[in-house]
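See below for the structure under consideration.
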Amino acid sequence: MRLFITHMQDFTPLEWPIISYRRQAVVERLCRNIGANEYLLYVASRKCPTPNMRGKILGFAKIKDRTVRTPAEKYVSSGKLDDGCLKNGSFKWPFGVLIGEAKMLIQPADAKLMIGPQYSKAPQGDFYILDDPKRANAIVELTCKAVDMDEAFKPPQ
């Protein structure tokens with residue numbers, strides 16, 4: 001089993017139902033490499049708005065399809081968009097792929113401990129793959145709550 005891992009500021013799939021990055025190539029590579037039954041694991045980055053959550057595993061997402069969507073911000077609830085989402089007047093993460101399934105950890109776990117040596121090698125604005133089956137299986141076994149993605153923000157037509 002493999003887990004795709006990304007470090008993001010937060011994981012709020014009902015308000016931000018898109019996996020978004022600065023570069024289109026990152027989203028395309030994710031779509032090419034992640035299997036239909038594989039998850040992207042969200043780890044709270046140093047910029048997480050809740051200090052005690054930084055460095056914690058927050059949840060899992062499966063991509064809905066392999067269609068790159070841009071501008072990604074139109075898929076994000078306006079309540080989640082603030083000045084921190086902009087750089088020089090433009091949305092920081094304009095390319096994305098919709099989340100089809102999401103699960104939130106009931107008790108966020110220490111990512112560094114669970115991921116191991118790969119944790120400190122996490123590229124900014126990208127993802128990496130944990131293919132250590134023992135570590136990946138331990139992470140997948142964490143207690144989660146499913147998120148009803150039918151309730152997620154839908155962009156106006």
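If you're wondering where the values come from, they're calculated on a predicted model, not measured in any experiment.
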Please examine the side chains of Asp126 and Arg23, heavy atoms only from C-beta on, and report whether any two atoms are closer than 4.5 Å. yes
Ile19-Leu81 co-clustered via ILVMFWY side chain contacts under 4.5 Å: no
For Gly96, does its backbone N or O pair with a side-chain atom of Arg69 as donor and acceptor, under 3.5 Å? no
Could you tell me whether the side chain of Arg22 reaches within less than 4.5 Å of the side chain of Val26, counting heavy atoms only? no
What's the spacing between Arg2 CZ and Leu41 CG if we round to 0.5 Å? 14.0 Å
Looking at Leu58 and Ala44, what are the two nearest heavy atoms and their distance? CD1-CB, 3.7 Å
Non-hydrogen side-chain atoms of Asp65 and Val97 separated by less than 4.5 Å: yes
Closest heavy-atom pair and its distance - Gly59, Leu105: CA-CD1, 4.0 Å
In this structure, would Leu40 and Ile99 fall into the same cluster of hydrophobic residues linked by side-chain contacts under 4.5 Å? yes
Any side-chain donor paired with an acceptor under 3.5 Å for Ser20 and Tyr75? no
What verdict does the side chain to side chain contact (heavy atoms under 4.5 Å, CB included) test give for Val27 and Gln24, after you've listed the backbone C-alpha separation in whole Å, the side-chain angles of each residue and the deciding distance to 0.1 Å? CA-CA 5 Å; Val27 180; Gln24 184 171 349; 5.6 Å; no
Which of Lys145, Met149, Glu151 passes side chain to side chain contact (heavy atoms under 4.5 Å, CB included) with Val147? Answer is Met149
NE2 of His7 to CD of Gln124: how many Å apart, nearest 0.5 Å? 10.0 Å
To the closest 0.5 Å, what do you measure between CD (Gln9) and CH2 (Trp93)? 4.5 Å
Residues Lys62 and Ala36: closest non-hydrogen pair is CD-O, 3.8 Å
Evaluate the criterion side chain to side chain contact (heavy atoms under 4.5 Å, CB included) for residue pair Ile18 and Val76; output intermediate values, then yes/no. CA-CA 7 Å; Ile18 189 164; Val76 178; 4.0 Å; yes
Taking the side chain as every heavy atom from C-beta outward, state whether Glu101 and Phe60 have any atom pair closer than 4.5 Å. no
Met1, Leu142: one ILVMFWY side-chain cluster at the under-4.5 Å cut-off? yes
For the pair Leu30 and Thr6, evaluate side chain to side chain contact (heavy atoms under 4.5 Å, CB included) and give the outcome as yes or no after the intermediate values. CA-CA 11 Å; Leu30 177 65; Thr6 193; over 6 Å; no
At what distance, to the nearest 0.5 angstrom, does CG of Leu14 lie from CZ of Phe153? 12.0 Å
Shared hydrophobic cluster, Met104 / Met53 (ILVMFWY, side-chain heavy atoms < 4.5 Å): yes
Restricting to non-hydrogen atoms, name the atom on Leu113 and the atom on Arg135 that form the minimum distance, rounded to 0.1 Å. O-NH1, 3.2 Å
Specify the closest pair of heavy atoms between Gly84 and Asp82, including all atoms of both residues, with the distance to one decimal. N-OD1, 2.9 Å
Take atom NZ in Lys64; do more than 12 heavy atoms of anything else shown fall under 6.0 Å from it? no
Set out, in order, the CA-CA distance, both residues' side-chain angles and the distance that settles side chain to side chain contact (heavy atoms under 4.5 Å, CB included) for Ile115 and Val43, then state yes or no. CA-CA 10 Å; Ile115 293 168; Val43 174; 4.0 Å; yes
Side chain to side chain, Phe11 and Pro108, heavy atoms closer than 4.5 Å: no
Heavy atoms, side chains only, cut-off 4.5 Å: are Tyr119 and Ile5 in contact? no
Should the ring pair Phe127 and Tyr21 be called parallel, tilted or perpendicular, given that the plane angle runs from 0 to 90° and is split at 30 and 60? tilted
Give the cluster check for Phe95 versus Ile34: same hydrophobic cluster or not, with ILVMFWY residues linked at side-chain heavy-atom distances below 4.5 Å. yes
As an exercise, state the distance from SG of Cys85 to CH2 of Trp16, rounded to the nearest 0.5 Å. 4.0 Å
Can you tell me how far apart CG (Asp10) and CD (Glu15) are? Round to the nearest 0.5 Å. 8.5 Å
Closest heavy-atom pair and its distance - Thr12, Lys80: OG1-CE, 3.3 Å
